Every structure is written in structure tokens, then in C-alpha cells.
Amino acid sequence: MEFSTKTRAADLTKMSSELLDILVIGGGITGSGITLDAQTRGLQTGLLEMRDFASGTSSRSTKLVHGGLRYLKQFAIKEVAEVGRERAIVYENAPHVTTPLKMMLPFYQGGTFGSFTTGIGLDIYDRLARVKKSERKFMLPPAKSLQREPYLKEAGLKGTGVYVEYRTDDARLTLEVVKKAHEKGAYIANYVKVTELLYDDQHKITGVAYTDTVTGATGTIHARKVINAAGPWVDTIRKLDGSDQGKHLHLTKGVHLVIDNAKFPLTNAIFFDTPFNDGRMMFAIPREGKTYVGTTDTTWQADPLEPNITKEDVNYILNATNEMFDLPAALGFADVESAWSGVRPLIQEEGKGPSEISRKDEIFHAPSGLFSIAGGKLTGYRKMAEKIVDRVARELAAETAYTYQATQTVALRLSGGAVGGDAGFAAFVAEATEQGVSEYDLSEADAAKLVHRYGSNVTAVYQELKPATNSLLPVDAAMLAYGLKAELVVHPLDFLLRRSSQMLFNFAHMFAIKDDVIKTMAAYYDWDEATIKAMRAEVDQQIQLRTAFKTDRR
Ligand SMILES: Cc1cc2nc3c(=O)[nH]c(=O)nc-3n(C[C@H](O)[C@H](O)[C@H](O)COP(=O)(O)OP(=O)(O)OC[C@H]3O[C@@H](n4cnc5c(N)ncnc54)[C@H](O)[C@@H]3O)c2cc1C
């Protein structure tokens with residue numbers, strides 16, 4: 001389905017001229033989930049995102065749809081049970097962006113947990129999170145653990161627990177939610193920033209003023225209800241409303257590093273204790289020929305737009321990794337191919353350190369009527385959306401002719417998710433891959449990659465395949481063409497970083513094709529020289545962000 005700058009302009013016109021039921025501020029996973037939930041309950045909903053979808057925290061996570069094992073340490077039983085259920089729902093509705101992954105949890109001599117406690121912990125987790133039988137935990141003694149993952153540190157290893165986590169592509173998960181909401185009739189625009197809130201004479205919120213950062217146009221949108229889902233900027237919007245009293249956000253920064261699999265050759269995902277006695281744990285996760293590892297967790301007080309990656313962050317992760325794995329050679333700065341940094345929009349809790357603050361979500365309802373939602377996780381996005389839309393829809397049912405409807409999203413396939421759920425996914429992958437090979441002359445590996453990335457939308461991507469005319473491989477060119485027509489790619493960075501993840505997991509290739517991506521888009525959108533220069537600068541700045549620590553001489 002078309003989702004392009006054309007539909008964007010049309011949606012912005014409709015938002016500006018109609019009275020919406022709900023306007024959502026923020027196109028991360030939270031705002032996107034709310035938009036889909038509200039629109040499918042029969043409420044006309046609009047969504048504004050000031051940069052690209054998922055450009056905030058929702059493309060900078062550990063990329064796991066977790067059952068929340070970590071919460072068990074904090075005895076957050078209810079959360080574990082809820083996110084476990086949600087994880088199953090996310091998987092069923094979008095198996096193309098969520099992949100079950102066996103995660104090894106090693107335990108060592110002198111560590112907090114031994115075989116017995118780890119086994120019991122994982123059992124409780126399996127039960128609370130209602131993990132399917134085939135994915136329940138098992139325990140391995142040291143020799144078997146090393147057989148399964150030879151690069152685990154051998155000294156002091158007492159064994160491992162193996163359980164299942166789901167790896168996702170956070171930016172694409174968000175996008176598939178956005179695309180589904182668009183398909184269901186929500187009005188959606190990225191690169192439109194909310195600059196002001198509008199009120200009636202009783203100071204009740206009636207809408208927003210915005211700036212379209214693509215055209216420079218400004219305008220207003222009116223809605224019966226406004227929901228602030230601005231992630232790390234939730235308090236900025238609450239300030240605009242004059243209602244930022246009581247609880248506030250506490251932002252904490254998390255950095256991840258990407259290392260080539262040849263240097264960090266893991267075949268299993270590992271969840272390990274850092275060796276620093278700081279009570280923290282890290283993930284090391286193989287993906288697309290790379291291994292990514294993280295995260296740090298430090299308080300962040302500066303602008304959340306582009307949190308930095310310092311030498312200290314990189315050292316912390318590399319030291320932990322070198323200490324916890326017996327690698328062919330110790331990892332150094334030169335081995336880091338890419339990196340990302342994001343901030344968690346957590347809700348402040350007095351006297352608690354960054355890693356102790358609960359990840360619970362919370363709704364704030366201001367006297368003006370503004371709803372704000374903060375905290376939470378990628379994994380729980382659907383439930384968070386359900387909770388807040390329940391409240392807003394009840395208000396609308398009381399105040400207008402709207403008849404209350406419960407959430408419709410439990411069994412709603414996301415865009416690309418029409419693949420027959422868990423049960424049908426393997427057959428779908430086989431059939432669609434075969435189609436790519438036989439009808440479009442792709443290699444099996446390329447076809448399978450596209451099928452896993454685009455799910456049931458893959459045929460539309462196949463149809464964009466043409467012989468190469470520049471540095472873009474036919475597959476790159478097809479993904480870009482599809483991105484421009486059906487995934488609202490506005491800036492080259494949207495494609496290089498969030499639609500294709502190449503800036504994270506295929507850095508050298510991204511570097512080789514970036515100029516031709518900019519050229520292709522310049523021709524498609526008819527950009528002038530100043531725009532081309534600005535787009536190039538934006539890409540260069542993002543490359544710099546991910547590599548600056550290597551030359552930082554402090
Ligand atoms: C390091 C790290 C690791 C994590 N790992 C995991 C994990 O593995 N699994 C998991 O489930 N969760 C994880 N999380 C948590 C998860 O990523 C976040 O809870 C989630 O992405 C927050 O989404 P959001 O939509 O609330 O915020 P965001 O994604 O930041 O979205 C808010 C959006 O609002 C937009 N916005 C702000 N102001 C305006 C305005 N004035 N006008 C228009 N738009 C505006 C922003 O541009 C932004 O895109 C992790 C978080 C971090 C930082």
C-alpha cells in the first residue's frame with residue numbers, strides 16, 4: 001500500500017482540516033502502538049513525528065522482545081507475567097520481525113547465582129511468562145556449555161541455563177505498526193514537529209500547532225484528545241502544557257557496539273554478568289554476520305536527540321567482553337565497526353540508581369486534559385497502547401456519540417505479518433524465498449533475507465528489482481524504491497539507518513552505497529543543491545557519531 005510523501009501531504013491536509021478524535025505526539029513504538037489501537041477502535045487518529053519513525057529510543061534498544069527475566073531479580077512478578085504474554089502476541093502478529101533465539105546464561109564460581117538458583121529462576125520465568133513447552137529452559141554442565149559456545153570463558157564456569165528470548169528489529173517493528181495504522185485509515189506524518197499546544201478559554205487542550213520540517217509550512221490540528229507519547233521528550237511536552245509537576249523522567253543512556261563475527265565469533269546469544277561487581281548484566285547477540293554487545297546504563301541529562309558514545313562507554317563494554325569471553329584476540333577500539341546510543345525514558349524514583357529504576361509505564365492526565373505516557377518497554381507496547389486508549393476511549397464515549405469498543409489488536413497482524421502466525425511462518429518463508437529465486441533470479445540467501453525483513457510485503461519489494469546502474473546492488477535499489485513508495489523514506493538516513501539497518505550491521509557496504517542512495521533520492525525528490533548538502537551532512541554526522549570515540553584523544 002502506498003505510504004509516501006504524497007500520502008503524507010494528503011494526511012497532513014486532512015489532519016489540519018478535520019476535527020480528529022485523537023492526536024498522538026511521537027512516532028516511536030509507544031505513539032505508533034497507540035495510533036494503531038485507537039484507529040482500529042473506530043476513532044479517527046492522527047500521528048505526528050518530529051523526525052523519522054523510531055528515530056528516538058525505539059531504534060536504539062537491545063532489540064529484544066523480552067520476557068523480562070531481569071525483572072525477576074527485582075521480584076516484579078506481575079511485569080514478568082505481562083511481558084511474557086505480550087511477547088507471544090507480538091510474535092504471533094509479526095513473526096517476520098521477531099525471531100526466537102536461544103539465550104545462554106552462564107554462571108561462574110563465586111557469582112551471585114549457581115546451577116540451582118539459575119534453574120529455579122528460569123523455571124519461575126518460564127511459568128510466569130507462559131513460555132511454550134518447546135522453548136522451556138534447560139541446563140548445561142560446563143563441558144556441554146563450552147561445546148555449545150566455545151568462546152565462553154572457561155575458568156570458573158559452573159554451567160549455563162539456556163532459555164528463549166526473541167530478537168527483533170526495533171525500528172522495523174515500529175514501522176510495521178505505523179504502516180498497519182496507516183492501512184487502517186490513521187493520518188500519519190513524519191518530520192512534523194509539534195511546537196505548541198492549543199487550548200480553549202477554560203484551558204482545556206484542543207489541539208496542537210506544528211512545523212513541517214520538510215516544507216517549512218506551519219499549521220494547526222484540532223482533536224478531541226491529545227496524547228503525548230514523546231518518549232524522552234514527554235516532559236518537554238508536559239512543560240508546554242504547564243503540567244510537568246510531580247513525577248518526572250529520569251533519562252539513562254545505553255550504548256551498544258557492533259563487532260564483526262570473525263572477531264567476536266559467537267553462535268549463541270549470551271546474557272552475562274559484567275565483571276565489575278556493579279550488579280549489571282549485558283547481552284551479546286549474533287546478527288547478520290556481526291555480534292552486538294551492550295549495554296551501558298548511565299544517567300543522561302543533556303539533549304536526548306543524539307546521545308553521545310564516549311571512550312568510557314566503549315571501554316566499559318569492551319573490558320566486560322574481553323573479561324567474559326576467551327576470544328581469539330582481545331577486542332580493541334579498532335574492532336568496533338558501528339555503535340548506537342539511546343536514552344531510556346524512565347520514570348524517576350527517589351534514591352534509585354540508573355539500573356534499579358523500574359521500567360514500568362505510567363499515564364499522567366493533566367488538568368488541561370492532556371494525556372502523557374512514559375516508561376515501559378518496546379515489548380509491552382501493545383498493552384501500553386491498550387491501557388491508555390481504554391481510558392481515552394471511555395472519555396470519548398461519555399462525551400460524544402462514540403460507542404466504546406475494546407482493543408482490537410490482540411490478534412491483528414502487523415504490516416508484513418500476514419504469514420500465518422507462528423504455525424505458518426516456516427512454510428511462508430520457504431514459499432516466498434522460492435518465489436524470489438525462481439521468479440526474480442535472486443540467490444536463496446538474498447531472497448530469504450528479504451522475506452525475513454518484509455514478511456508478506458516481500459512481493460512488493462521483489463517487484464522493484466531491476467538491474468544495477470550504480471553502486472547499489474539490485475536488492476538495495478529495490479529496498480530503497482519500496483521505501484520511497486511504501487515506507488515513507490524522506491531522508492537518506494531513514495533508509496540507511498532504520499529501514500535497512502545497514503549503518504549498524506553492514507557498515508562498510510553502507511559507506512560504499514551512501515552517495516548513490518543520496519543521488520537516487522535527490523533525483524526522485526528533485527532536491528536542490530542545498531538540500532543535497534544538508535542530507536549528506538546528516539549522514540556524515542551519524543557516521544561520525546558512531547566512530548568518533550576511535551579518534552577522541554582525551
Ligand atoms: C539502551 C536501551 C536498550 C533497550 N532495550 C530494550 C529491549 O531490548 N527490549 C525492550 O522491550 N525495550 C528496550 N528498551 C526500552 C525501549 O526501547 C523504550 O521503552 C521504547 O523504545 C520507548 O519508545 P517511545 O515511543 O516511548 O519513545 P521514542 O522511541 O523515543 O519515541 C518518541 C518520539 O517522539 C518524537 N517527538 C518528541 N517530541 C516531539 C514533538 N514535539 N513533535 C513530534 N514528535 C516528537 C521523537 O522524535 C521520538 O521519535 C531499551 C531502551 C534503551 C535506551
Side-chain angles (χ1 to χ4, degrees), residues 23-35 46-71 79 83 86-87 90 98 165-171 173-174 177-178 189-197 208-213 221 226-240 249 251-256 269 271 282-283 285 292 294-298 300 304-307 313 339-347 354-355 359-361 372-382 384-385 388 498:
L23 179 80
V24 180
I25 306 171
I29 192 70
T30 308
S32 307
I34 292 169
T35 305
L47 171 65
L48 295 184
E49 163 52 50
M50 70 176 173
R51 292 193 290 175
D52 184 29
F53 308 116
S55 59
T57 306
S58 298
S59 58
R60 300 157 188 259
S61 75
T62 306
K63 308 184 191 302
L64 289 174
V65 174
H66 307 255
L69 178 64
R70 218 174 62 93
Y71 308 142
E79 276 84 5
V83 289
E86 282 306 308
R87 178 175 77 171
V90 175
T98 28
E165 283 284 19
Y166 287 44
R167 192 185 62 199
T168 188
D169 180 328
D170 47 6
L173 174 66
T174 305
V177 175
V178 169
N190 53 1
Y191 292 99
V192 177
K193 181 173 181 174
V194 169
T195 51
E196 248 182 87
L197 304 178
V208 305
Y210 68 81
T211 300
D212 178 342
T213 66
I221 294 171
V226 177
I227 303 180
N228 165 18
W233 294 267
V234 156
D235 281 348
T236 313
I237 301 289
R238 289 170 77 212
K239 260 190 206 117
L240 283 181
L249 291 190
L251 304 182
T252 77
K253 184 179 83 167
V255 170
H256 291 82
F271 188 29
M282 276 193 198
F283 290 99
I285 300 173
Y292 67 92
T295 166
T296 59
D297 199 355
T298 50
W300 180 255
L305 212 55
E306 287 303 342
D313 297 325
W340 69 90
S341 174
V343 288
R344 305 169 182 85
L346 307 178
I347 298 162
S355 296
R359 270 56 178 163
K360 268 187 232 159
D361 57 279
S372 298
I373 181 158
K377 304 279 293 171
L378 199 72
T379 311
Y381 84 91
R382 196 207 61 82
M384 280 171 79
I388 190 162
R498 286 173 290 270

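When a ligand or atom number is given, it counts from 1 through the structure's own listing order. It should be emphasised that the depicted structure is a prediction, and the values quoted were computed from it without experimental measurement.
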**Request:** Write down, by chain and number, every protein residue that brings a non-hydrogen atom to less than 4.0 Å from an atom of ligand 1.
**Result:** Ile25, Gly26, Gly27, Gly28, Ile29, Thr30, Leu48, Glu49, Met50, Ser55, Gly56, Thr57, Ser58, Arg60, Ser61, Thr62, Lys63, Leu64, His66, Val192, Lys193, Val194, Ala229, Ala230, Gly231, Pro232, Trp233, Ile237, Gly254, His256, Thr295, Gly342, Val343, Arg344, Gly376, Lys377, Leu378, Thr379
**Request:** Could you tell me whether Arg60 and Glu306 have a side-chain N and a carboxylate O separated by less than 4.0 Å?
**Result:** yes
**Message:** Once ring-ring contact (aromatic ring centres under 6.0 Å, His included) is applied, do any residues pair with Tyr210, and if so which ones, sequence neighbours excluded?
**Reply:** none
**Request:** Just jot down the ring-ring contact (aromatic ring centres under 6.0 Å, His included) partners of Trp233, sequence neighbours excluded, or say none.
**Result:** none
**Item:** Heavy-atom closest contact (Ala189 atom, Val192 atom, distance)
**Value:** CB-CG2, 3.8 Å
**Request:** Quick one: closest heavy-atom pair of Arg167 and Leu64, and the distance?
**Result:** CA-CD2, 3.9 Å
**Message:** Test of understanding: with salt bridge (Lys or Arg N to Asp or Glu O under 4.0 Å), list the residues that count as partners of Glu86, not counting sequence neighbours.
**Reply:** Arg382
